[in-house]
Amino acid sequence: MPELPEVEAAARVLRDAAVDRRIVSLRCLHAATCRAVAAEDIARLAGRRIVDVARRGKHQLLTLDDGSTLHVHFRMAGDWHVDRVGDDDARHTRAVLTLDDGTRVSLVDPRALSTIVVHAAGASTLPALGPEPTDDGFSAAVLADALRSRRGPIKPVLLDQRVVAGIGNIYAAEALWRARISPTAVANRLSPARLARLADALRDTLLEAIAAPGRYSAGETRDAMHVYGREGEPCSRCGTAIRRRVQAGRSTYYCPRCQAR
DNA sequence: CGTATCCTGACC
DNA sequence: GGTCAGGATACG
């Protein structure tokens, strides 16, 4: 489920349910999800008020009234389920946040790869992240700067969160298709025209997905996807069969004609 | 740079 | 039984 647009949607759900509420308890149901959470962290959370919910890249940050931070990452398959105290746990519930108005926010994750970390006030909470492609300041120049030292193929480079925050496997492929750039093009040798197209494609693809949640979701309508998961289907721009290859262990989908080197 | 690893479930 | 999965990281 989660790439940046889905995390943005999830963070909004969480914000609506949780901001200004106090935490009654955090219950951990799967050891891996909470491996970084100490028993004393759980004790300290009780009674804290949630004052803010923010997203940075694919990270969700809950700021609490003592300045500490609850840091959640969905990885491959996490999501929030909001219901009420007393409801049955959804399948694959890994952790449950109970709030003082009877709301329950559950971290549901079939693969149990999601992580929860508690950071004390003032402790740095995020790994190094590149610029947000949805920010107003994002541009070809900013992208060129982020790619400057990267000699590798552009597609795996885009998945490195230190280069650009929040790009995942789907949107890397979709943005490269939109920008008509080969996934094997050398990242720091893109022409100015290609850099401009890629910066626009990254921003526009993500903004469209944020504006229309679900249109990129696998299993539901994936009308908006042009290459991801479409091996063998005709390219919507030129009719050539979409191809799949593996880069850095991950599937890359692309049109061999539109995205020729 | 690529590969293995963390997890579980779906599908062939 | 093997492969694959929208992520990230530790390692060679």
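Owing to the predicted nature of the structure, the values given are computational and were not obtained by experimental measurement. To find a chain, count down the sequence lines: A is the first, B the second, and so on, and within it residues start at 1.
- Rounded to whole angstrom, the span from the CZ atom of A:R94 across to the C1' atom of B:dT8 amounts to 7 Å.
- Atom-to-atom, CG of A:L129 to P of C:dA8 comes out at 9 Å; the value is rounded to the nearest Å.
- Each of A:R245, A:E231, A:R244 was scored for a side-chain hydrogen bond (donor to acceptor under 3.5 Å, both in side chains) with A:S251, with one residue passing: A:R244.
- Among the nucleotides B:dG2, C:dA8, C:dC4, the one closest to the side chain of A:S251 is C:dC4.
- Comparing atom distances between the A:R244 side chain and each of C:dA5, C:dG7, B:dC1 picks out C:dA5 as nearest.
- Across every strand in view, B:dC7 sits unpaired, with no contact that passes the Watson-Crick or G-U test at under 3.5 angstrom.
- A:I167 places its CD1 atom 10 Å from the P atom of C:dG7, with the value rounded to the nearest Å.
- With rounding to whole Å, A:L158 atom CG is found 13 Å from C:dA8 atom P.
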Kindly list each side-chain donor-acceptor pair under 3.5 angstrom involving residues 75-82 of chain A, sequence neighbours excluded, with atom names and distances?
| from | atom 1 | to | atom 2 | distance (Å) |
| --- | --- | --- | --- | --- |
| A:W80 | NE1 | A:Q60 | OE1 | 2.9 |

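- A distance of 5.0 Å separates OG1 of A:T134 from CZ of A:R55, quoted to the nearest 0.5 Å.
- Comparing the C1' positions of C:dA5 and B:dC1 gives an interatomic distance of 23 Å, to the nearest angstrom.
- If you check every strand for non-hydrogen atoms under 4.0 Å, A:G168 touches sugar and phosphate atoms only.
- Between A:Q161 and C:dG7 there is no side-chain N or O to OP1 or OP2 distance below 4.0 Å.
- Nucleic acid contact for A:R162: none, since no nucleic acid atom lies under 4.0 Å from a heavy atom of the residue.
- A:C34 has its SG atom within less than 2.5 Å of the SG atom of A:C28.
- For A:H73 and C:dG7, the shortest distance from a side-chain N or O to OP1 or OP2 is not below 4.0 Å.
- Rounded to whole Å, the P atom of B:dA4 lies 15 Å from the corresponding atom of C:dG2.
- Between A:H92 and the phosphate of B:dG9, there is a side-chain N or O to OP1/OP2 separation shorter than 4.0 Å.
- Atom CZ in A:F74 sits roughly 17 Å away from atom C1' in B:dT8 (whole-Å rounding).
- We find that CZ of A:R35 is positioned 13 Å from P of C:dT9, with the value rounded to whole Å.
- Here A:V157 lies in heavy-atom contact (under 4.0 Å) with sugar-phosphate atoms only.
- Contacts between residues 104-118 of chain A and DNA chain B, defined by a heavy-atom separation below 4.0 Å, involve A:P110, A:R111, A:L113, listed by number.
- A:V96 is not listed as a side-chain neighbour of A:V105, based on a closest heavy-atom distance of 4.5 Å or more.
- In this structure, A:R230 forms no cation-pi arrangement with A:W177, as its terminal cationic atom is not both closer than 6.0 Å to the ring centre and no more than 45° off the ring axis.
- Whole-Å rounding puts the A:R250 CZ to B:dT5 P distance at 17 Å.
- Taking atom CG of A:L126 as the reference point, atom C1' of C:dT9 lies 16 Å away to the nearest angstrom.
- Environment of CZ in A:R237: crowded, with over 12 heavy atoms of neighbouring residues, nucleotides or ligands closer than 6.0 Å.
- A:H71 and A:H59 have tilted rings, their planes meeting at an angle from 30° to 60° on a 0 to 90° scale.
- When each of C:dC4, B:dC7, C:dA8 is scored by its nearest atom to the side-chain atoms of A:A32, the top-ranked nucleotide is B:dC7.
- No engagement by A:Q247 is indicated, since no non-hydrogen atom pair under 4.0 Å with the nucleic acid exists.
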